[in-house]
Trainee: 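One structure is given below, represented as structure tokens, and several questions about it will come after.
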Amino acid sequence: QVQLVESGGGLVQAGGSLRLSCAASGRTFSSYAMGWFRQAPGKERECAAAINWSGGSTYYLDSVKGRFTISRDNAKDTVYLQMNSLKPEDTAVYYCAVGRWPSFIATPRRGYGMEYWGKGTLVTVSS
């Protein structure tokens, strides 16, 4: 049974940092892209960051560029999202996803075509 388990969310003040982790189990995902979507209350889900199978290609939402860094450890089937200089507008539930790279980067980047999803972890940034 495939499982994606996120961790690392929580409450942080504006300007602070958090590191999200997503551990996959049940099969190996070294040939898949992995990424993080987020959904704030009343807003559509959006792709915050994604990384291809080798780590050689990454995608970032414009509003997080320069503040978030995505990485992966294929030996551990784990993807990370380092979030620095957090802003209140980063407040959302963050979901880990696994799929093919074209599905991550094709507009509108809402997560259509993802093969597996985690249950989400809440990130709250206070002002």
Trainee: Around Trp53, counting heavy atoms of other residues, nucleotides and ligands shown, do more than 12 lie under 6.0 Å from its CH2?
Mentor: no
Trainee: Determine the minimum heavy-atom distance between Ala14 and Ser127, stating which atoms define it.
Mentor: CB-CA, 4.4 Å
Trainee: Under 4.0 Å between a Lys/Arg side-chain N and an Asp/Glu carboxylate O for Glu46 and Arg109?
Mentor: no
Trainee: Rounded to the nearest 0.5 Å, what separates atom CD1 in Ile51 from atom OG in Ser57?
Mentor: 9.0 Å
Trainee: Please confirm whether the backbone N or O of Asp77 pairs with a side-chain atom of Asn74, one donor and one acceptor, at under 3.5 Å?
Mentor: no
Trainee: If Ile, Leu, Val, Met, Phe, Trp and Tyr residues are connected whenever their side-chain heavy atoms lie under 4.5 Å apart, and connections chain through other members, are Leu11 and Val123 in the same group?
Mentor: no
Trainee: If I take atom SG from residue Cys96 and atom CH2 from residue Trp36, how far apart are they, to the nearest 0.5 angstrom?
Mentor: 5.0 Å
Trainee: Can you tell me how far CG of Leu4 sits from CE of Met34, rounded to the nearest 0.5 angstrom?
Mentor: 6.0 Å
Trainee: What's the separation between atom CG in Leu81 and atom CZ in Phe68, rounded to the nearest 0.5 Å?
Mentor: 6.0 Å
Trainee: Heavy atoms, side chains only, cut-off 4.5 Å: are Ile70 and Val79 in contact?
Mentor: yes
Trainee: Check whether the ring centres of Tyr32 and Tyr116 lie less than 6.0 Å apart, and answer yes or no.
Mentor: no
Trainee: Report the C-alpha distance between Lys119 and Tyr95 in whole Å, list the side-chain angles of each, state the deciding distance to 0.1 Å, and finish with yes or no for side-chain contact (heavy atoms from CB on, under 4.5 Å).
Mentor: CA-CA 6 Å; Lys119 292 183 178 180; Tyr95 298 92; 6.0 Å; no
Trainee: Can you tell me how far the OG atom of Ser103 sits from the CH2 atom of Trp101, to the nearest 0.5 Å?
Mentor: 11.0 Å
Trainee: With a 4.5 Å cut-off on side-chain heavy atoms, are Ser63 and Glu89 touching?
Mentor: no
Trainee: According to side-chain hydrogen bond (donor to acceptor under 3.5 Å, both in side chains), does anything in residues 6-21 pair up with another residue at least two apart or in another chain? List the pairs.
Mentor: Ser17-Asn84
Trainee: So that I can tick it off, tell me whether Asp90 and Arg67 are bridged by a salt bridge, with the cut-off set at under 4.0 angstrom between side-chain N and carboxylate O.
Mentor: yes
Trainee: Checking side-chain contact (heavy atoms from CB on, under 4.5 Å) for the pair Leu18/Leu86: CA distance, chi angles, key distance, verdict?
Mentor: CA-CA 8 Å; Leu18 285 174; Leu86 282 161; 4.1 Å; yes
Trainee: Looking at Phe104, is Arg100 sitting on its ring face, NZ or CZ under 6.0 Å from the six-membered ring centre and within 45 degrees of the normal?
Mentor: no
Trainee: Quick one: closest heavy-atom pair of Ala33 and Arg72, and the distance?
Mentor: CA-NH1, 3.8 Å
Trainee: Okay, side chain of Tyr60, backbone of Gly66: is any donor-acceptor separation there less than 3.5 Å?
Mentor: no
Trainee: Count I, L, V, M, F, W, Y as connected when their side-chain heavy atoms are under 4.5 Å apart, and connections chain through other members. Are Trp117 and Tyr80 then in the same cluster?
Mentor: no
Trainee: Check whether Phe37 forms a cation-pi arrangement with Arg110 (NZ or CZ under 6.0 Å from the six-membered ring centre, at most 45° off the ring normal).
Mentor: no
Trainee: Would Tyr94 and Leu122 satisfy side-chain contact (heavy atoms from CB on, under 4.5 Å), going step by step from the backbone distance to the final call?
Mentor: CA-CA 6 Å; Tyr94 284 71; Leu122 177 62; over 6 Å; no
